[in-house]
Amino acid sequence: MRLGFANLPPRDYSIASHPGDKSLEFHIRVRGPGAVAEHLRSSLAVGEAVVIDGPFGDAYLRADHSGPILAIAGGTGLVPAKSIIGAALDLGQAQPIYFYLGARSETDLYAAPLFLAWAAAHRNFTFVPVLSDPEDGSTGRLGNVADAVAEDFPDMTGFKCYVAGPPPMVAAAVKLAAAAGAGSDDIHADPFVSGDHHSNSASE
Ligand SMILES: Cc1cc2nc3c(=O)[nH]c(=O)nc-3n(C[C@H](O)[C@H](O)[C@H](O)COP(=O)(O)OP(=O)(O)OC[C@H]3O[C@@H](n4cnc5c(N)ncnc54)[C@H](O)[C@@H]3O)c2cc1C
C-alpha cells in the first residue's frame, strides 16, 4: 500500500497482516536520513492520520498452487513473506513451505521468534535465517541468502517462489530460481526500490 505521513511524499509499504485480518500491519525500517524515516523517528504520534492508498502490486498467495512454496527475503522483504506464508498456513496448505530470510546479523532478525514458532507448530514449514555480517559467536547459516537457496535447491521444478527485499538480492534470487527450473509464471518478485518510485500495477 502507499502510505502518506504528515505532508511527506507517499512511500510504498508491504502488508504484513494476513488476508481477513481486521487491521493492517506494516513493518517500516527506520534507518538513515530518509524523509519518512526522519518523521517516524522524531515526530510520529499515536493517533496521527495516515493517508493510505492501494493495494498495489501482486505480493499475495497463489492458493491454487499445490507444489512447494519457497519464500526468499532480505531485510524488510520479510513483510510480504509473513503475509503470504501466514495465509498458506491459515488455509492448512500441506505442501512443503520454506522461508529463507537474509539479514546482516541477529539484531536484524527481530521477527525470527514468530517464524520459529510457526515452524514448531507446522511440520511442513521450514525457516532458515541466513546472516551475511554476523556478530562474533553467531551460529547457524552464514553468507548470502541467494547462495544458501542455490545450495539447498538445485532443482526448483514445480516450486512457487516469492521474492522480496533489496533490488540486487531480488534480482539474484529470481535469476537462480529461473536457472533451477522454476517457471517464469511461478516466480513473483517484489523489489523494494527506495524513494518516490511506486509500484504501478493494481492488485487483482
Ligand atoms: C513494493 C515496495 C514495498 C516496500 N515495502 C517496504 C516495507 O515493507 N518496509 C520498509 O521499511 N520499506 C519498504 N519499502 C521501501 C519504502 O517505500 C521506502 O523507500 C523506505 O521506507 C525509505 O523511505 P524514506 O522516505 O525514509 O527515504 P527516502 O527519503 O526515500 O531516501 C531513500 C534512501 O536514501 C537514503 N538517503 C536519503 N537522503 C540521503 C542523504 N542526504 N544522504 C545519504 N543517504 C540518503 C535514505 O537513508 C534511504 O535509505 C518498499 C518499497 C517498495 C517499492
Side-chain angles (χ1 to χ4, degrees), residues 1-21 23-46 48-62 70-88 99-115 118 127 129-133 145-146 160-175 177 187-204:
M1 303 199 76
R2 197 155 296 147
L3 305 189
F5 293 94
N7 288 319
L8 296 168
R11 298 281 186 250
D12 291 342
Y13 293 101
S14 304
I15 301 172
S17 32
H18 306 182
D21 282 358
S23 58
L24 287 168
E25 176 186 332
F26 299 97
H27 297 206
I28 303 182
R29 182 169 199 161
V30 177
R31 194 183 62 164
V36 168
E38 193 51 45
H39 176 68
L40 299 190
R41 188 185 292 115
S42 57
S43 336
L44 181 72
V46 174
E48 177 178 312
V50 178
V51 177
I52 66 171
D53 190 15
F56 302 95
D58 59 1
Y60 61 90
L61 175 72
R62 275 62 175 183
L70 170 60
I72 310 167
T76 45
L78 73 86
V79 178
K82 173 181 179 286
S83 179
I84 289 165
I85 295 165
F99 180 29
Y100 281 64
L101 174 60
R104 285 196 190 125
S105 66
E106 265 102 352
T107 314
D108 294 329
L109 284 178
Y110 67 94
L114 172 73
F115 298 119
W118 285 0
F127 172 56
V130 184
L131 301 180
S132 61
D133 188 13
V145 67
K160 178 66 84 178
C161 300
Y162 299 97
V163 188
M169 181 243 110
V170 169
V174 167
K175 195 170 162 193
I187 304 173
H188 305 281
D190 221 357
F192 283 11
V193 184
S194 286
D196 286 326
H197 165 89
H198 294 306
S199 176
N200 291 321
S201 55
S203 67
E204 295 161 356

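Counting convention: from 1, in listed order, for ligands and their atoms alike. Because only heavy atoms are used, hydrogens play no part in the values below, and waters and symmetry mates are left out as well, while side chains stay in. Residue numbers start at 1 and run along the sequence shown.
Residue contacts with ligand 1, taken as heavy atom pairs separated by less than 4.0 Å, involve V36 via backbone and side-chain atoms alike. When non-hydrogen atoms are compared, ligand 1 lies under 4.0 Å from neither the backbone nor the side chain of E38. With a 4.0 Å heavy-atom cut-off, ligand 1 is reached by the side chain of D190 but not by its N, CA, C or O.
Applying the 4.0 Å criterion to heavy atoms of G32 picks out, from ligand 1, the atoms 47 (O). The contact set between ligand 1 and R31, taken as ligand atoms under 4.0 Å from a residue heavy atom, comprises 47 (O). Close contacts between ligand 1 and A37 involve ligand atoms 26 (O) [criterion: under 4.0 Å to a heavy atom].
With T76 contributing its side chain and R29 its backbone, the two residues share no donor-acceptor pair below 3.5 Å. Here the side chain of R41 pairs no donor or acceptor atom with the backbone of V36 at under 3.5 angstrom.
In the model, H188 has a side-chain atom that pairs as donor or acceptor with a side-chain atom of K160 under 3.5 Å.
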Going through the distances and angles, do Y13 and H27 end up as a ring-ring contact (aromatic ring centres under 6.0 Å, His included)?
CA-CA 8 Å; Y13 293 101; H27 297 206; over 10 Å; no
Output, in order, the C-alpha distance, side-chain angles, deciding distance and verdict of ring-ring contact (aromatic ring centres under 6.0 Å, His included) for F99 and F127.
CA-CA 5 Å; F99 180 29; F127 172 56; 5.7 Å; yes
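The shortest heavy-atom distance from P33 to ligand 1 is under 4.0 Å. For P191, the closest heavy-atom approach to ligand 1 falls below 4.0 Å.
To the nearest 0.5 Å, the span separating CE on M1 from CD1 on I15 amounts to 5.0 Å.
Looking at ligand 1, you'll find an N or O of A35 within less than 3.5 Å of one of its N or O atoms.
The closest heavy-atom contact to atom 7 (C) of ligand 1, among the options H27, R2, K82, comes from H27.
Taking the six-membered ring where tryptophan is involved, the planes of H18 and W118 are perpendicular, since the angle between them exceeds 60° and thus also 30°.
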